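What you see is a predicted model; the values in this text were computed from it and never measured.
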Protein chains: 2
Amino acid sequence: VEDIDFRLDWTTPELVGAKTLAVSLSDIAAMGAEPKWALLSIGIPANIWDSDFVDRFYDGWFTLARHYEVELVGGDISRTPEKIVFDSIVAGEVIKGKAILRSGAMPGDSIYVTGALGGAFGGLMLLESGFRYSNSSKRHQEIIAKQLRPVPQLASGKYLSEHGIATAMIDLSDGLSSDLRHLCQASGVGARIYAKDIPILPALSEVTVAKDQMMALGINGGEDFELLFTSKEKNLSSLNLPDAQRIGEITENVGRIEVIAGNEITCLQPGGYRHF
Amino acid sequence: VEDIDFRLDWTTPELVGAKTLAVSLSDIAAMGAEPKWALLSIGIPANIWDSDFVDRFYDGWFTLARHYEVELVGGDISRTPEKIVFDSIVAGEVIKGKAILRSGAMPGDSIYVTGALGGAFGGLMLLESGFRYSNSSKRHQEIIAKQLRPVPQLASGKYLSEHGIATAMIDLSDGLSSDLRHLCQASGVGARIYAKDIPILPALSEVTVAKDQMMALGINGGEDFELLFTSKEKNLSSLNLPDAQRIGEITENVGRIEVIAGNEITCLQPGGYRHF
């Protein structure tokens, strides 16, 4: 939704097209599935219809779709009074019984995330502060790209599914604090995570110098589209997933999510993106 | 899309929910298929989220879905800055090789429509003139209901598919003049229709007294969601579809759509709803 999920003066039509598909592919990745086909509905005001926006949007969308061999099979085009809206749906395929759900985490499982967190929210902060990709420093561009050009973790998701490693999985769209809660609620468990183990994007030191604020970005910032998964394996090396980092373990304390920082234990409140 | 496809002060949330599904079911009917599952994405502003709108919308949606045994299998909920948007997708099933496409019409085929035309557009005219369903006469209510409560012609579509009667089919969403053009374009043919045979909703005489204006409503008015189909059968009675009316025949004049009114032949311009 324009002005909720993206702003035209922050990005390009091609990047909006690619991100529209990427966020759906991320959901497919989070089930350990392979994307197959997509439905795309777009609603646009008449003045945008008359511009090159739609052609450039589809360029971005189809470039990513070809890369992952996703076929567009349907959708709709409507006129809207003012704002642009997209509805993106992707169907994927997974071997029967191998789909990774949110509901399979058990007490004692280790909790992992792929990649580094906080970048997408840091990029949002930069954009909101008036920085733009085109006239930014290399370090700022790295952060802004995390917001504008998310990468769906399809290879990691498929690896975890094929090797039966993950017991539960979700993609980090709303933020670690919210999405870990979603996973724990679906599994009927609690979690304990260690602040020192949460991988924060190093470049974020460009956005804020305060260490605890960097941590807050990593815990609450949404849209990184990395994978959060649980596993019986306690040994990271056995996963053979180089960018997976163990950040904690599943507990029996239903609904309770603890963050251990040094000697302090705090209970995590959901601080990620709330749709309403 | 709110204020493009519907207005909240013209209808009820339940009727918006039912129509959102009905227009997708109509597409399924037009292929002679049976609806199976649906995806529904809704985008709503915060003030509507806080009202009873969403519950009542779903009531209307699910009542119709249960009636046709359609299962909701996915979708999304988003916040919008101002206007309500819905994206409705329905998947249907049809025996392999029995799906009726837009592209199968051949010169010499007869052209049929189900039901009576112009009602939905007449209802729109009444609503735009300030009439409302709740405080209208019985005759006005009949017309307004055509706009607010469309009926997908699933039984007729399935009958035509199962008996192999229709060579091509489309539902009348944009209006006869536009949708007949879509069908002719897809089939690479032309058409000749007879003004006297086009079934116009009798109650429309309440909206306009001029006979040629009633005809214009029937030819150009959209959203009746009746079926337009072609058939090798020249004899209506053999169809055993009581509300099907023969209105003309397919010709070899590619792209040319003629309307015969008495001794006059006019070439039809697409006058139905254009999205842009």
*Not counting sequence neighbours, which residues clear salt bridge (charged side-chain N to carboxylate O under 4.0 Å, His left out) with A/Lys146? List them please.*
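Expected list: none.
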*A/Glu2 versus chain B, the contacting section by heavy-atom distance below 4.5 Å*: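 Backbone of A/Glu2 only, per the 4.5 Å heavy-atom cut-off to chain B.
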*Indicate yes or no: at least one non-hydrogen side-chain atom of B/Val1 is less than 4.5 angstrom from one of A/Pro81.*
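Sidechains of A/Pro81 and B/Val1: in contact.
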Crowding at [atom1], [X] (>12 non-hydrogen neighbours, <6.0 Å):
X        : atom1 : value
A/Glu93  : CD    : no
B/Arg149 : CZ    : no
A/Ile95  : CD1   : no
B/Leu72  : CG    : yes
A/Glu69  : CD    : no

How long is the straight-line distance from [atom2] of [Y] back to [atom1] of [X], given to the nearest 0.5 Å?
X       : Y       : atom1 : atom2 : result
A/Lys83 : B/Lys83 : NZ    : NZ    : 11.0 Å
A/Arg79 : B/Asp5  : CZ    : CG    : 8.5 Å
A/Glu82 : B/Ile4  : CD    : CD1   : 11.0 Å

_For chain B, which residues of residues 84-91 of chain A have heavy atoms nearer than 4.5 angstrom_ = A/Val85, A/Asp87, A/Ile89
*Return the set of residues passing ring-ring contact (aromatic ring centres under 6.0 Å, His included) with A/Phe131 (not counting sequence neighbours), or none when no residue passes.*
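Result, ring-ring contact (aromatic ring centres under 6.0 Å, His included) vs A/Phe131: A/His140.
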*Any residues in residues 33-41 of chain B near chain A, with a heavy-atom distance under 4.5 Å, and which are they?*
B/Trp37, B/Leu39, B/Ser41
